[in-house]
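One structure is given below, encoded as structure tokens.
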Amino acid sequence: MARVHSPIRVALAVAIIAAGIAALGLSACGRAGPLELPPGPAAAPSAQLTSPDGLPVPGSAQDTALKSGFDQQGNPVATPGQKRSFILDPLLQ
């Protein structure tokens with residue numbers, strides 16, 4: 001005697017199998033271990049980039065970029081924006 005499967009049960013079984021395959025496939029994503037440093041030269045830890053008043057040190061790359069609008073590679077630099085409050089700021093303070 002042949003057993004008749006309802007379409008709802010078949011769809012549910014397919015969805016469960018697909019979710020299991022997706023979960024197993026995504027479980028191996030990423031690598032174990034500490035985070036890697038981004039590519040490129042490391043920043044000099046001892047270099048002071050700002051003066052006590054918050055402005056860039058005269059002659060520094062940040063000072064030149066602020067005056068000309070371009071960094072050392074010729075890329076445009078965004079101007080510093082104004083600090084605007086956000087609705088969740090009280091939670092962070």
Side-chain angles (χ1 to χ4, degrees):
M1 182 188 302
R3 188 171 186 190
V4 178
H5 297 286
S6 73
I8 294 175
R9 283 189 178 185
V10 172
L12 181 61
V14 169
I16 289 173
I17 292 171
I21 291 172
L24 287 175
L26 293 175
S27 66
C29 288
R31 296 193 304 194
L35 294 176
E36 297 176 0
L37 294 175
S46 63
Q48 184 177 0
L49 301 177
T50 58
S51 58
D53 61 355
L55 296 175
V57 175
S60 68
Q62 289 81 11
D63 184 48
T64 306
L66 186 63
K67 290 179 182 175
S68 68
F70 295 94
D71 64 5
Q72 292 175 342
Q73 289 81 25
N75 300 324
V77 178
T79 58
Q82 294 178 347
K83 181 172 170 58
R84 297 185 295 175
S85 79
F86 181 64
I87 193 166
L88 297 177
D89 278 347
L91 294 176
L92 300 174
Q93 294 175 357

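Atom set for the values below is all heavy atoms of this structure, side chains included, hydrogens, waters and symmetry mates excluded. Treat the numbers as computed from the prediction; the structure is a model and nothing was measured.
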Residues sharing [X]'s hydrophobic cluster, by side-chain heavy-atom contacts under 4.5 Å among ILVMFWY, directly or via others?
X	answer
Ile8	none
Phe86	Ile87, Leu88, Leu91
Ile21	Ile17

Identified side chain to side chain contact (heavy atoms under 4.5 Å, CB included) partner of Leu12 from the options Ile16, Val10, Val14: Ile16
